[in-house]
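Following: one structure in structure tokens, then a few remarks.
None of these values were measured; they are calculated from a predicted model. Count residues from 1 along the sequence.
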Amino acid sequence: MKTNYLLPLLLVLFVAISYLQSFREGRDALYGQVNELFVREAPTWSDSMCDIMNIPYRGHFDDEQYRKKTRHGIIGENGAGGIDTILISTRFYHPPYSQFRIDTRATFMMMSSINGQKSGYNLAIADSLFALTLAREGLNAEAAIEWNARDLKDMFPTEDSLWADAPIVLTEVSRELEGEFTTDTVWIGWCDHGWLNAHVRIPASEVWAQMRLFGGNQFAAILLALAAWLLVRFLQVVYMVFVHTTLLGNTCIDLHRGVVYLWSGERRTASGNQLALLKMLLDVAPTYRLSKDAICQSLWGRDTKDGQALYNTTVSGLRKLFVTEDESLELKTLSREGVELLIDKSHLNKARRLHYFIVIALGVVKGKVE
């Protein structure tokens, strides 16, 4: 398995994924910032609308008198030329006066919208106010405001009764926008009979512009890429040692690559005939005994007389390749019969698999083993 380009490929892959993760995190952070702005600013829009539309607000405040109130009442036109008076017991609704003032303006404008009056809740103004807020914070984002409302007359048919599941009578959106994100709900008016959401879309270019070129995700990606590369290399060594190699005495044989590893750590390459003879010996384990005729016929298609020279050269080459270096091995020539590989178990070293795992691992790290 060629792994020269594995680390660069893993780095490119993991870093690319890290930037996608950074993009998602950056986008979520921007949407979170937009959401905080909306939740903070939206409750004040009814006051701003009254100022912009020159709608007067009259009233006086007496803390003790307000605290002792048993009911709240609001008067509005009903859209048919008549007047509606809605009374609500303070056991349902009695916020601090500062909140009551804000809620009253919002409710007055929402009731006007429900009854078709010009002084109703103006989403175009709300849309502009939020756009100004986003621009002030340096956020390049599009937003459309959605408003839903219930009629207080439906919610409170009498002063001491509440229909919490009264139907929604009005739903408006400032403009059509296929937003990627919807903010938290902001409740407005008496008893929260109206509520606002913003549908927001932030261009991908804005997210990329806000991202750091190099951050924690990229650092983690590099570490993960290195860890993945080390794991692949480790598994490669494990596979080579435990699947592709065979221990013969104190020598490690990799027939798949045609390589012999000596105990000293030296790595030698077996030639064609040497490798073929070595494979034949391993195939007849545990006797490791081969006739001269079988060798000559198998390797060169010749009888022992015609193949004698090749036979002598190959057997001699195999001894020089690793047998003479391994005190536990002896490649014995049997007169007129062939060869026999003898293993002296008393000279076998301990932890041979572990030893060659380290040898091959070091070879992989140095780039000498693929």
Side-chain angles (χ1 to χ4, degrees), residues 1-49 52 122-148 171-188 195-236 364-365 367:
M1 178 175 58
K2 295 293 182 181
T3 54
N4 293 339
Y5 302 105
L6 179 61
L7 182 57
L9 288 174
L10 286 174
L11 284 172
V12 171
L13 176 63
F14 279 67
V15 171
I17 292 174
S18 77
Y19 276 112
L20 292 177
Q21 179 64 23
S22 294
F23 178 87
R24 287 192 291 267
E25 292 175 359
R27 180 192 59 193
D28 292 344
L30 288 176
Y31 281 135
Q33 187 177 352
V34 170
N35 186 68
E36 290 179 6
L37 291 171
F38 178 78
V39 171
R40 185 186 72 198
E41 299 290 333
T44 68
W45 289 344
S46 57
D47 283 2
S48 299
M49 288 177 195
I52 293 170
N122 193 314
L123 283 190
I125 294 177
D127 207 36
S128 297
L129 290 171
F130 195 43
L132 287 172
T133 298
L134 295 174
R136 185 177 65 243
E137 297 294 327
L139 291 171
N140 178 20
E142 297 180 82
I145 309 301
E146 179 183 346
W147 167 51
N148 294 273
T171 297
E172 290 186 359
V173 181
S174 61
R175 61 194 178 97
E176 292 296 327
L177 176 67
E178 294 181 2
E180 299 175 341
F181 173 77
T182 300
T183 64
D184 293 339
T185 297
V186 171
W187 301 92
I188 57 175
W195 59 96
L196 299 168
N197 295 103
H199 303 288
V200 186
R201 181 173 61 206
I202 297 178
S205 58
E206 176 71 6
V207 180
W208 288 115
Q210 297 284 346
M211 283 172 48
R212 294 174 58 187
L213 183 61
F214 187 88
N217 286 332
Q218 287 66 54
F219 182 72
I222 292 173
L223 291 181
L224 285 173
L226 288 171
W229 177 74
L230 289 173
L231 177 61
V232 170
R233 298 299 257 178
F234 173 78
L235 294 176
Q236 178 189 11
V364 169
V365 170

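- Around atom CG of Leu20, more than 12 heavy atoms belonging to other residues, nucleotides or ligands sit under 6.0 Å away.
- Checked against His199 for a side chain to side chain donor-acceptor pair (under 3.5 Å), the options Glu146, Glu142, Glu176, Glu178 give a single hit: Glu146.
- Between Leu129 and Ser48, the closest heavy-atom pair is CD1-CB, 3.7 Å.
- The shortest side-chain heavy-atom distance between Phe14 and Leu226 does not fall under the 4.5 Å cut-off.
- Here the CD1 atom belonging to Ile17 is positioned 12.0 Å from the OG atom belonging to Ser22, to the nearest 0.5 angstrom.
- Considering CG of Leu11 and CG of Leu224, their distance stands at 11.0 Å, rounded to 0.5 Å.
- Looking at every heavy atom in both residues, Ala198 comes nearest to Ile145 through CB-CD1, 3.9 Å.
- A pairwise comparison of heavy atoms in Arg212 and Tyr19 identifies O-CE2, 4.3 Å as the closest pair.
- Expressed to the nearest 0.5 Å, how far CD of Gln33 lies from CG of Leu37 amounts to 6.0 Å.
- In this structure, OG1 on Thr171 lies 7.0 Å from CH2 on Trp195, to the nearest 0.5 angstrom.
- For residues 124-141, the side-chain hydrogen bond (donor to acceptor under 3.5 Å, both in side chains) pairs, not counting sequence neighbours, are Asp127-Ser174, Asp127-Arg175.
- For the pair Phe181/Asn35, a side-chain contact is recorded, criterion being any heavy-atom separation below 4.5 Å from C-beta on.
- Between Trp45 and Phe38, the distance from one ring center to the other falls under 6.0 angstrom.
- In this structure the side chain of Arg201 reaches within 4.5 angstrom of the side chain of Leu177, judged on heavy atoms.
- Within the model, atoms CG of Leu139 and OH of Tyr31 stand 11.0 Å from one another, a figure rounded to the nearest 0.5 Å.
- The structure places CH2 of Trp187 at 10.5 Å from CG of Leu196, a figure rounded to the nearest 0.5 Å.
- The heavy-atom pair separating Ala126 from Met49 by the smallest distance is CB-CE, 3.7 Å.
- Counting heavy atoms from C-beta on, the side chains of Leu134 and Val34 come closer than 4.5 Å.
- Using a 4.5 Å cut-off on side-chain heavy atoms (C-beta onward), Ile222 and Phe214 make contact.
- Shortest non-hydrogen contact noted between Asn197 and Thr183 is ND2-O, 3.3 Å.
- The nearest pair of heavy atoms linking Ala141 to Ile202 is CB-CG1, 3.7 Å.
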